[in-house]
Amino acid sequence: MGERSFFVDPGTVREGRAELAGAVAHQIRNVLRLRPGDTVELLDGSGFVLLARLVAVSKEGVAAEVVERRRSNSEPGVELVLYQALLKGQKMELVLQKGTEIGVSRFVPVLSERCISRPAAADLERRLERWQAIVREAAEQSGRAVLPRVAALESLEEACRSAVAGGLALMAWEEEHALGIGRVLRESLTPSPVPFPIQGEGSEDSPSPLVREGAGVWAQRPRVSLLVGPEGGFSTREAQAAGEAGVRIVSLGPRILRAETAGLVAATLVLCATGDMGG
Ligand code: SAM
């Protein structure tokens, strides 16, 4: 069986040593009952996998020394952001789990006109925590090297603005019949996955710039944003406003997909276009 892997916060590993606390330390000490000498994999968001040997395990905390650092090939060469209009019940959780497995880097829940699910602030807070836990579990299961993030709720207007600012922004709209997503992807993306992290970037002490949000290197990793509607779809007014904001309105084909299907299909198409689904 492979090493047990744990996502830890960027900056946890300094000068080749990790001081682990909280849930990760509890998992190692009390659940897995690992001992000094055992090895684990630490994922600190740098895109590298750090093989670490436990040197101390106590109720005060867990310490480990990094013995090997290797590049991971599990992160796509494109930063894929899925802006998903709020869905009822378990559907949102399905999108988060499957989207993480496919390779989505960030999820942004969106409130659009026809959202049936409109949680109150306290409920939304609880959901965001649960959603991040689902993403963490899916990321561990699928061997992601960087933990995808679930962002705060945005209005559709905010979503369009941030999506366009980040690069290629696509809105899946079932009323669009002329422009298919495939054509836009062929025009905009080339199948040349950027090896992530870029060789030579970063070190144990200072995580690769790729993980420091806003660092210049992120800008070199193309970002593609997808906007997917709720069960009732986007209104014509919303699609028009998105187009005026610079979002490309695209069809996913002549068949009407459920909202929870559409984002997963679009994400897969993007990562296939960039060569991130095995070439
Ligand atoms: N408005 C229709 C309805 O009420 O049945 C369909 C909404 S569809 C279930 C939910 C979302 O999935 C849409 O807002 C859109 O983002 C996406 N979607 C589903 N099928 C699509 C298609 N063929 N082309 C583009 N987007 C689609």
Side-chain angles (χ1 to χ4, degrees), residues 78-119 124 127 131 134-135 148 150-151 153-189 223-274 277:
V78 64
E79 185 196 4
L80 184 53
V81 183
L82 178 54
Y83 291 83
Q84 174 62 59
L86 290 180
L87 300 174
K88 287 190 307 183
Q90 310 278 313
K91 288 181 273 189
M92 202 72 180
E93 299 178 4
L94 179 83
V95 170
L96 293 162
Q97 183 188 59
K98 301 310 171 194
T100 299
E101 294 168 35
I102 291 167
V104 172
S105 297
R106 189 151 52 91
F107 298 91
V108 183
V110 173
L111 190 62
S112 67
E113 275 174 27
R114 296 178 183 169
C115 282
I116 299 164
S117 170
R118 292 177 172 273
L124 180 62
R127 288 190 199 195
W131 291 344
I134 287 170
V135 166
V150 180
L153 181 73
E154 292 189 8
S155 69
L156 182 59
E157 192 185 352
E158 289 164 336
C160 290
R161 233 189 346 262
S162 58
V164 170
L168 180 60
L170 308 176
M171 172 184 271
W173 194 40
E174 67 284 8
E175 306 289 338
E176 168 60 39
H177 303 299
L179 183 61
I181 187 170
R183 201 169 99 213
V184 175
L185 295 180
R186 281 191 298 275
E187 288 165 5
S188 317
L189 295 172
R223 180 185 298 175
V224 179
S225 297
L226 296 168
L227 294 107
V228 175
E231 292 88 344
F234 289 122
S235 68
T236 304
R237 188 200 66 75
E238 286 175 321
Q240 274 169 348
E244 286 156 14
V247 176
R248 305 292 299 276
I249 313 300
V250 295
S251 168
L252 297 179
R255 292 162 296 284
I256 298 293
L257 310 177
R258 286 181 181 277
E260 61 273 27
T261 310
L264 302 179
V265 166
T268 305
L269 292 170
V270 170
L271 293 182
C272 202
T274 57
M277 297 300 276

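In what follows, every heavy atom counts, from backbone to side chain, and hydrogens, waters and symmetry copies are set aside. Both ligands and their constituent atoms are indexed starting at 1 by order of listing.
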> Restricting to non-hydrogen atoms, name the atom on Gly229 and the atom on Ala259 that form the minimum distance, rounded to 0.1 Å.
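Looking at all heavy atoms of both residues, the closest pair is O-CB, 3.5 Å.
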> With atoms numbered from 1 as shown, which atoms in ligand 1 lie under 4.0 angstrom from a non-hydrogen atom of Ile256?
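Listed by number with element: 6 (C), 20 (N).
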> Say whether Ala172, considering both its backbone and side-chain N or O atoms, lies within less than 3.5 Å of an N or O atom on ligand 1.
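Between Ala172 and ligand 1 (N or O atoms, distance only) the closest approach is under 3.5 Å.
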> If the cut-off is 4.0 Å to any non-hydrogen atom of Leu257, which atoms of ligand 1 fall inside it?
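The list of qualifying atoms is 8 (S), 9 (C), 12 (O), 19 (C), 20 (N).
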> Is any side-chain N of the basic residue among Lys98 and Glu101 closer than 4.0 Å to the acidic one's carboxylate O?
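Salt bridge between Lys98 and Glu101, a charged N being under 4.0 Å from a carboxylate O: yes.
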> When you measure from atom 6 (C) of ligand 1 to every protein heavy atom, which one gives the shortest distance, and what is it?
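Atom 6 (C) of ligand 1 sits closest to the protein heavy atom Glu174 OE2, 3.5 Å.
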> Is the closest basic N to carboxylate O distance between Arg114 and Glu238 below 4.0 Å?
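The answer is no: the pair does not qualify as a salt bridge.
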> Starting from atom 10 (C) of ligand 1, which protein heavy atom do you reach first, and at what distance in Å?
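Checking every protein heavy atom, the shortest distance to atom 10 (C) of ligand 1 gives Pro230 O, 3.1 Å.
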> Which of the atoms in ligand 1, numbered in the order shown and given with their element, are less than 4.0 Å from a heavy-atom of Ala259?
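So the answer, numbered in order with elements, is 9 (C), 10 (C), 12 (O).
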> Restricting to non-hydrogen atoms, name the atom on Val228 and the atom on Ala262 that form the minimum distance, rounded to 0.1 Å.
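Minimum heavy-atom separation between Val228 and Ala262: CG1-CB, 3.9 Å.
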> Could you check atom 14 (O) of ligand 1 against the protein and tell me its nearest heavy-atom contact, residue, atom and distance included?
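The answer is Gly233 CA, 3.2 Å.
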> Where on Ala85 is there a heavy atom closer than 4.0 Å to ligand 1, on the side chain, on the backbone, on both, or on neither?
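Answer for Ala85: neither.
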> Where is the nearest protein heavy atom to atom 7 (C) of ligand 1: which residue, which atom, and how far?
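Ranked first by proximity to atom 7 (C) of ligand 1 is Glu231 O, 3.4 Å.
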> Measure the distance from atom 24 (N) of ligand 1 to every protein heavy atom, then report the residue, atom name and distance (to 0.1 Å) of the closest one.
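The answer is Leu252 N, 2.8 Å.
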> For ligand 1, does Arg255 get within less than 4.0 Å through its side chain, its backbone, both, or neither, judged by non-hydrogen atoms?
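Just the backbone.
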> Answer side chain, backbone, both or neither: which part of Met171 comes under 4.0 Å from ligand 1, heavy atoms only.
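No part of Met171 comes within reach of ligand 1.
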> Do me a favour and list the nearest non-hydrogen protein atom to atom 12 (O) of ligand 1 with residue, atom name and distance?
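Its nearest protein heavy-atom neighbour is Ala262 CB, 3.5 Å.
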> Which pair of non-hydrogen atoms, one from Val247 and one from Leu170, has the smallest distance, and what is that distance?
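Reported closest heavy-atom pair: CG1-C, 3.8 Å.
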> Are any of the N/O atoms on Val228, whether in the backbone or the side chain, positioned under 3.5 angstrom from an N/O atom of ligand 1?
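Between Val228 and ligand 1 (N or O atoms, distance only) the closest approach is not under 3.5 Å.
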> Name all residues meeting the side chain to side chain donor-acceptor pair (under 3.5 Å) criterion together with Ser117; count only those two or more places apart in sequence or in a different chain, and write none if there are none.
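Listed in chain order: Arg127.
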> Could you tell me whether ligand 1 has any atom less than 4.0 Å away from a heavy atom of Val250?
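Yes, Val250 has heavy atoms under 4.0 Å from ligand 1.
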> Give the atom numbers and elements of ligand 1 that come within less than 4.0 Å of a heavy atom of Gly229.
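Result: 11 (C), 14 (O), 16 (O).
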> Which atoms of ligand 1 have any heavy atom of Gly232 under 4.0 Å away?
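That gives atoms 1 (N), 4 (O) of ligand 1.
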> Sequence neighbours left out, what passes side chain to side chain donor-acceptor pair (under 3.5 Å) with Gln240? Give chain and number order.
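By the side chain to side chain donor-acceptor pair (under 3.5 Å) rule, Gln240 matches no residue at all.
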